[in-house]
Amino acid sequence: MLKNNGRHKNLHENEIGNEFMDQGYHGDKYECIGQHLLNDEDEEPERNGEDEEPGCDSENEELGSNGEEDENRKKIDRLHPVPKIMLALHGKEPHDCEEGSVAVQESLHRLVAAFQRRTDRTKAAITHTSSPDSLSSDDSSNDDGEHQRRRQQRLASLVPDISSRPDTSWQQLVGVSGTRATLKRMALRARKYLAPSVAIEPTSRIYLTWLAIANACYIYNAITIPLRAVFSNYQTASNWHWWLACDCVCDAIYALDVLLFNFRVKFIDNGFWVGEPRQIRRHYARSRRFKLDLLALLPLDLLYLVVGPAPVLRLPRLIKIHVFWDCFNRLDSYLSSPYIVRLTRTVLYMLYMIHLNCCAYYGMSKLEGIGSNAWVFSGEGHSYIRCFYFATKTVTSIGKNPRPENDAEHVFMTASWLLGVFIFALLIGQIRDIMATATRAQTEYRAVMDATQNYLHKLNLPVALQARIKLWFTYTWHSQKTLNENDALGYLPKKMRTDVALSVHISTLAKVQLFQDCDKALLRDLVLKLQPVIYLPGDLVCKKGEVGKEMYIVQSGQVQVVGGPDNATVFATLGEGCVFGEVSLLAVGGGNRRTADVVSRGFSNLFVLSKADLHETIRDYPEAQEILRKKARRLLKQTLGDVRRRVQPEDDVVIRERQETPKLMRAVLQVVRQDSFTASVLRRSSRSLSPLPLNASPCPLHSSHASVSSLGTQSPQSVHSLQSPQSVHSLQSLSPAKPNPAPTNASATQYGKLLGVPCLGCGEDEKRLSLIGNFPARGDSVTKEQPPDMQDDGQGSFDDAFLPDGSQHHNTTAPTSSLEEINTDQNEHQPLSKNLHVDLDFQSKIQAQEGGVSLLPQNLRALGRGSYFDTPTTSTNSFGNDTETTSGRGVTGCFVIDVDGSNNNHFEDHPHMCLFSKETDLMNGSPESFSSVVFGSLPNPKVKPKSYHK
Ligand SMILES: Nc1ncnc2c1ncn2[C@@H]1O[C@@H]2COP(=O)(O)O[C@H]2[C@H]1O
């Protein structure tokens with residue numbers, strides 16, 4: 001039992017020792033824990049004195065201090081009693097296990113003693129190296145209590161640092177200099193690597209470092225052995241012990257290479273890395289390399305004792321040439337510029353050949369006698385330099401050498417020239433190849449760029465465009481050193497290409513919200529489909545209205561989402577990791593058109609993802625679809641919001657000042673009967689005339705339904721005050737930019753006709769349109785910037801084109817029409833009021849229709865032509881599925897359009913819009929043909945549709 005206890009003790013001691021030795025910093029952590037434990041006690045003033053006894057600094061004294069050890073033991077007993085569970089596990093009662101617990105406690109006591117010893121050393125080191133003021137106080141002060149407390153505090157304040165900054169605190173705590181600490185760390189690491197049971201990775205840095213060391217020894221031997229053997233003036237009796245020392249070091253490294261490294265280097269067997277030490281040893285012992293290594297270590301140098309210091313005896317050391325090759329091969333694959341490694345190796349070969357030739361020449365000269373004839377070395381100057389010069393001229397065949405005079409000299413020269421012709425030429429060729437490979441990408445880039453420029457030149461393209469193309473080439477080359485990144489990875493298996501692409505672009509892709517929120521597999525699926533593209537400053541990446549076929553991720557640089565006149569309004573600036581172009585790709589707005597222009601701000605590197613690739617991939621990831629859609633909807637909403645917010649302040653004017661009533665209207669007013677309905681309508685519709693009192697109207701219809709008001713000079717407040725069911729409602733102007741032109745003759749005629757509409761077309765049972773607007777000039781637009789169907793609900797409803805408060809969705813281009821609504825029904829008014837703001841971008845709608853997106857039929861359906869124009873019409877309405885006969889050719893026509901997008905053409909249920917066309921029919925005519933567009937509602941919502949189809 002006692003023996004066992006002793007074994008336990010040793011075991012624990014060893015463990016503790018190993019822990020400290022192996023773990024370096026961790027050991028310090030334990031110190032801190034120990035210190036912590038002790039600090040609790042140290043806080044008590046009466047104990048301070050004990051801790052700071054002079055004996056604490058001395059290891060031996062401390063160990064020998066039984067009193068303190070007992071004290072520690074008590075502390076441990078208090079803090080760490082032997083756990084009952086341990087006793088239970090051993091099936092013993094506490095009193096039965098006294099001996100066992102003694103062993104454990106012994107170990108713990110030793111552990112604590114070791115902790116405390118080191119802690120005290122550390123404390124001493126810290127206080128010793130602390131600031132001068134603390135030092136001075138050390139010297140001067142005798143009131144230890146205060147000083148010790150401060151030291152305790154300082155020490156305690158270091159504890160968190162110890163855990164957070166292993167390296168520096170480690171150095172601080174052990175009080176060693178940086179170099180010593182580094183050396184110690186390296187030694188620990190080397191020890192870890194060189195532990196007998198540890199296999200070494202052949203690609204590890206430590207093995208590569210070792211190979212470089214062994215290679216240096218090989219090069220030393222390769223150069224010095226022939227040199228010392230031939231040039232007798234290099235190794236002399238006075239310096240040969242230095243050579244001997246160097247030789248011994250190299251031999252030791254050779255031996256270590258065999259024993260420490262080659263017996264531990266992993267190898268591949270049957271496609272598996274073998275790391276089992278016994279197998280590695282067996283494998284190396286059976287290898288050819290082991291035999292060569294042993295041969296290289298042949299201790300012929302021992303013959304020095306017999307024949308004296310003859311460097312030739314070291315020739316076997318040159319057998320280890322595989323170390324040289326191995327080292328360069330590994331460096332080749334390890335370094336980022338392998339060409340430098342290859343070039344170095346080839347140049348070394350060449351220099352070594354010249355070196356050997358030089359030694360041979362000097363050797364021959366020595367044999368024949370220095371300066372004995374014109375061919376041999378004359379003995380003048382530095383022997384090695386002169387011989388090296390001769391050898392260089394001979395091997396490269398470029399120098400004029402002295403003529404050989406005997407057979408041996410002829411043989412020597414012939415061999416040298418052959419060496420030069422074959423081997424040297426080969427090496428020079430190799431250098432050329434290495435250089436060509438190193439610069440191949442650049443050569444190809446130049447060739448492509450030159451060819452492109454020639455072609456552009458031939459095409460006679462504008463110089464500016466040519467310059468941009470050149471700029472693109474230059475920037476692309478300089479930023480990624482290739483014109484097509486994917487080319488370089490073409491030979492790799494797909495999985496590996498994915499890994500490469502992921503690791504290359506991970507910094508960007510990690511910022512893409514989509515990839516963060518979705519299945520990680522989505523990223524892998526998509527990454528190879530991302531095509532890198534570079535855009536130059538000002539390049540248009542997406543054009544509003546174009547069909548979206550790709551979406552983009554910003555890799556670097558910035559792009560701007562712009563809109564408004566001259567693209568002057570920036571909706572958003574998108575940087576690295578941002579995704580754009582997905583709105584049209586996912587048809588979130590109901591169409592596949594780009595909703596905004598996107599411009600590259602500077603040089604931008606983008607990833608492009610085609611529609612097909614996106615759909616193919618996210619088909620399997622419904623959550624990704626949802627995220628993209630949500631984001632697209634949000635963007636769409638935001639863009640619309642931006643458009644609305646950024647409209648010119650003038651556009652916000654709901655009611656503008658009335659313009660003067662045209663003369664023609666006044667003339668008409670004069671000729672019609674003043675108490676007629678026409679006169680009443682004209683007055684109400686006029687810009688400046690006061691309407692007659694409503695009850696003066698002879699028309700029963702209007703007396704009961706229409707409350708017409710001249711709103712020309714009313715303030716918005718007054719408009720609101722008029723909003724009774726029988727009142728006229730708001731007047732909207734979409735056109736601040738252009739004043740309403742005075743009607744031309746033609747339009748004046750129309751205008752006149754229009755003004756006469758209610759009475760001309762009005763039968764007793766027929767209701768009329770009582771809305772009159774100003775005529776915009778031909779070709780003027782009354783459009784909105786945003787097609788109404790591109791709303792975020794994806795349904796394309798017109799209602800979504802309006803702000804929640806029903807305020808106007810303003811045109812930012814050049815709206816011109818001033819509209820006036822006369823409504824008789826408050827309930828009717830509300831939706832109509834909205835509809836007055838409807839975006840009527842006919843041009844874009846018709847384009848959209850041509851592009852295959854049926855926006856128009858869904859939202860604008862001509863339901864009928866007004867009967868108040870006398871121009872015959874012949875065409876048939878073909879909006880949507882509606883087959884009603886409507887519309888017509890001719891000068892003008894009135895179309896009542898259902899604008900609520902419900903495809904419901906019942907007048908009773910829906911507000912309507914009246915649209916006047918000057919020429920041709922609405923559907924077949926070009927958008928420019930609309931000379932005027934006015935909006936309005938029916939005075940009587942219960943009117944029958946057929947009333948309008950006369
Ligand atoms: N307000 C905005 N903020 C950020 N991006 C936008 C905004 N509006 C539009 N976009 C992006 O610009 C893109 C233009 O093309 P898409 O309509 O396909 O998709 C659009 C969105 O991705």
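In each ligand, atom 1 is the first atom listed, and ligand 1 is the first ligand listed. Not measured: the values here are computed from a predicted model.
Here Arg446 does not pair with Asp450 in a salt bridge; the nearest charged N to carboxylate O distance is not below 4.0 Å.
Atoms CD and CG, on Glu623 and Leu628 in that order, are 10.5 Å from each other to the nearest 0.5 Å. For the atom pair CG (Leu614) and CG (Leu526), the distance works out to 7.0 Å, reported to the nearest 0.5 Å. Trp477 contributes atom CH2, which lies 12.0 Å from atom CD1 of Ile534 (distance to the nearest 0.5 angstrom). The structure places CG of Leu574 at 11.0 Å from CZ of Arg601, a figure rounded to the nearest 0.5 Å.
Here Val579 has no heavy atoms under 4.0 Å from ligand 1, in either its backbone or its side chain.
Less than 4.0 angstrom separates some heavy atom of Ala572 from each of these atoms of ligand 1: 3 (N), 4 (C). Ligand-side atoms of ligand 1 in range of Ala596: 14 (C), range being under 4.0 angstrom from any heavy atom. Of all the atoms in ligand 1, the ones that sit under 4.0 Å from a non-hydrogen atom of Phe580 are 22 (O). Those atoms of ligand 1 with a heavy atom of Glu582 less than 4.0 angstrom away are 18 (O), 19 (O), 21 (C), 22 (O). Ligand 1 places these atoms under 4.0 Å from at least one heavy atom of Ser584: 16 (P), 17 (O), 18 (O). Proximity to Val598 (heavy-atom distance under 4.0 Å) selects the following atoms of ligand 1: 12 (O), 13 (C), 14 (C).
Looking at Leu628, Val541, Thr595, Val547, it is Thr595 that brings a heavy atom closest to atom 17 (O) of ligand 1. Remark: among candidates Val583, Val570, Asp597, the nearest residue to atom 21 (C) of ligand 1 is Val583, based on non-hydrogen atoms.
Between Phe473 and Tyr445, the ring planes are tilted. Angles from 30° to 60° get that label.
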Worked check of side chain to side chain contact (heavy atoms under 4.5 Å, CB included) between His457 and Gln466: CA-CA 8 Å; His457 196 68; Gln466 288 190 33; 4.1 Å; yes

